[in-house]
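Numbering of ligands and ligand atoms starts at 1, following listing order.
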Amino acid sequence: MGTGFAGNIIVVGVCGSIAAFKVAGWVSTLAKEEARVPVVMTDSAQKFITPLTFAALTGESVYTSMFADEHSGAMSHIELAQEASVFLIAPASAQTIARLAHGFADDLLSTAVLATRAPVIVCPAMNTRMYQHRATQDNLSRLRQLGYTVVDPESGLMACKDEGPGRLVEWESVQEVLWRSLRSLDLQGEQVLVTAGPTREPIDPARFISNRSSGKMGYALARAAYRRGADVVLVSGPSTLNCPYGVRRIMVETAAEMFEAVCREFEKATILVKSAAVSDFRPAVQHEHKVKKKNGAPALELVRNPDILYEIGRKKRKPGQLVIGFAAESENLEMEGKRKLQRKNLDMIAVNDISGSDTGFEADTNRLILLTGDETIELPLLSKSETADRIFDVLKEKFRSSPLS
Ligand code: PMT
């Protein structure tokens with residue numbers, strides 16, 4: 001999947017809120033990615049930011065009135081509604097949210113939204129107390145019932161000095177929702193469970209055994225599954241990465257904690273992708289206090305951790321439940337992969353070449369060989385995000401020839 005928005009018509013509805021200036025940045029990004037970005041502004045929006053700003057950023061007429069004739073050559077509001085790939089209303093004020101919830105068509109934005117069949121994404125931004133008011137919350141519930149996607153605002157200090165929810169969500173989250181609304185949701189109905197990152201096995205309160213996994217591969221898998229319509233749970237060892245938007249993340253530290261979380265979540269999962277780098281061993285003793293060097297170098301006795309994937313692979317699966325493993329290898333890639341595929345009773349294994357600096361641990365790119373019982377698919381060097389999509393493409397093709405009921 002390309003990551004751009006090129007070729008799509010993303011109609012942006014801007015309402016009256018100080019956060020309107022942030023949306024100018026979003027519009028600029030979308031326009032640079034070669035999306036068409038017609039902007040519709042409510043009357044109050046124009047008190048905060050001028051139509052000229054958006055016109056300059058998009059190279060398009062800005063729509064400010066239902067009856068204005070200044071849009072000669074531009075789309076009418078009905079054309080806007082029909083041509084849109086998606087409607088993005090940001091910042092969405094309490095007033096516009098109320099209008100949309102009740103089906104009013106008394107300004108250009110509400111009329112166009114009523115007339116569209118494209119997905120509608122609503123990003124509220126307003127004073128905390130206005131946001132929390134029962135009337136606004138009821139209106140947002142109504143929008144969800146109508147099938148609109150509401151992207152909850154963030155909490156923090158507001159321009160009016162109040163603190164709480166109401167701040168316009170960040171672009172990174174909106175981007176995810178836009179991607180999900182623009183692509184075909186071929187994983188809709190799937191409950192995807194992904195593991196990512198390393199585990200940490202404590203020696204004492206200061207030290208642990210771990211490995212170089214950053215979580216990038218697993219987080220890319222979780223993000224890709226969400227974008228393709230799945231419900232996603234990410235069980236993550238320690239990682240500095242932000243939780244991908246729309247994904248439920250469970251943070252764990254040790255292999256034992258990961259084991260417990262995976263077994264519990266696997267009950268509801270239709271697909272498990274186990275990209276975490278789990279420590280095979282842990283110290284036999286975890287010291288309560290920091291081990292002092294004055295006592296000389298201590299012997300570190302290790303014991304085996306449970307092999308989570310092996311234990312899951314042995315369990316009886318529900319019909320259609322898929323288990324995908326990873327194998328980090330620097331030599332005999334295919335042979336090692338086949339051995340682990342069989343021993344752990346997997347549907348597929350992604351053998352990760354970790355011999356170069358551009359593949360495997362910490363890198364932004366990756367090179368995998370996908371092995372199923374009867375097929376070997378060599379993927380080229382790709383970004384981890386493209387690699388994740390290729391894995392799901394293969395899963396769809398091989399194991400989901402008919403949609404899940
Ligand atoms: O996180 P990044 O920096 O992006 O790096 C990505 C990665 C290199 C960690 C990832 O792509 C990868 O290869 N993950 C698997 C690493 C690994 O632990 O490989 P393994 O061959 O040791 O284990 C095989 C499989 O068994 C894996 O799916 C692993 O999750 C699982 N396993 C291993 C040991 C154990 N005790 N329990 C397990 O479930």
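- Nearest protein heavy-atom contact of atom 24 (C) of ligand 1 is Phe326 O, 2.8 Å.
- Under 4.0 angstrom from ligand 1, the non-hydrogen atoms of Ala276 all belong to its backbone.
- Between the side chain of Lys384 and the main chain of Leu221, no donor-acceptor pair closer than 3.5 Å is present.
- Results of the side-chain hydrogen bond (donor to acceptor under 3.5 Å, both in side chains) test with Lys398 over Asp374, Asp393, Asp347 single out Asp374 as the only residue that passes.
- When non-hydrogen atoms are compared, ligand 1 lies under 4.0 Å from the backbone of Ser275 (N, CA, C, O) but not from its side chain.
- Here the heavy atom of the protein found nearest to atom 28 (O) of ligand 1 is Lys274 O, 2.7 Å.
- The protein non-hydrogen atom at the shortest distance from atom 2 (P) of ligand 1 is Ser214 OG, 3.4 Å.
- Contacts of Pro306 with ligand 1, taken as heavy-atom pairs under 4.0 Å, involve the backbone alone.
- Here is the list of ligand 1 atoms found below 4.0 Å of a heavy atom in Lys216: 1 (O), 2 (P), 4 (O).
- A cation-pi arrangement is absent between Arg99 and Phe104 under the rule of less than 6.0 angstrom and at most 45 degrees off the ring axis.
- Residue contact check: Lys384 has heavy atoms under 4.0 Å from atoms 2 (P), 3 (O), 4 (O), 5 (O) of ligand 1.
- Not one N or O of Ala277 is nearer than 3.5 Å to an N or O of ligand 1, by distance alone.
- Closest protein heavy atom to atom 21 (O) of ligand 1: Lys340 NZ, 2.5 Å.
- Stacking of Arg228 on the aromatic ring of Phe392 is not recorded, the 6.0 Å distance cut-off and the 45° axial limit not both being met.
- Residue Gly215 places at least one N or O, backbone or side chain, under 3.5 Å from an N or O of ligand 1.
- The ligand atoms of ligand 1 that sit less than 4.0 angstrom from a heavy atom of Glu362 are 2 (P), 3 (O).
- Asp138 and His133 form no side-chain donor-acceptor contact under 3.5 Å, judged by distance and modelled atom types alone.
- The shortest N or O to N or O distance between Leu309 and ligand 1 is below 3.5 Å.
- One finds no salt bridge joining Glu154 and Arg167 here, because no Lys/Arg side-chain nitrogen approaches an Asp/Glu carboxylate oxygen to under 4.0 Å.
- In summary, the aromatic rings of Trp179 and Tyr226 are positioned with their centroids too far apart to meet the 6.0 Å limit.
- For Asp353 and Ser355, the side-chain atoms include at least one donor-acceptor pair closer than 3.5 Å.
- When heavy-atom distances to ligand 1 are checked against a 4.0 Å cut-off, Ile308 comes that close through both its backbone and its side chain.
- Between the OG1 atom of Thr42 and the NZ atom of Lys47 there is a distance of 9.0 Å, given to the nearest 0.5 Å.
- Regarding atom 33 (C) of ligand 1, its nearest protein heavy-atom neighbour is Lys344 NZ, 3.9 Å.
- Protein heavy atom at the shortest distance from atom 8 (C) of ligand 1 is Asn352 OD1, 3.5 Å.
- The nearest protein atom to atom 1 (O) of ligand 1, hydrogens excluded, is given as Ser213 OG, 2.6 Å; this is a heavy-atom distance.
- Counting heavy-atom neighbours within 6.0 Å of Arg339 CZ, excluding the residue itself, gives a total above 12.
- Among protein heavy atoms, the minimum distance from atom 34 (C) of ligand 1 is reached at Asp280 OD1, 3.2 Å.
- Considering backbone and side-chain atoms alike, Met217 places an N or O below 3.5 Å from some N or O of ligand 1.
- Asp204 has a carboxylate O that lies under 4.0 Å from a charged side-chain N of Arg207, or vice versa, which qualifies the two as a salt bridge.
- The residues Arg400 and Glu190 are annotated as salt-bridged, a charged nitrogen and a carboxylate oxygen being separated by less than 4.0 angstrom.
- Under a 4.0 Å criterion applied to the non-hydrogen atoms of Ala328, ligand 1 contributes the atoms 13 (O), 16 (C), 19 (O), 21 (O).
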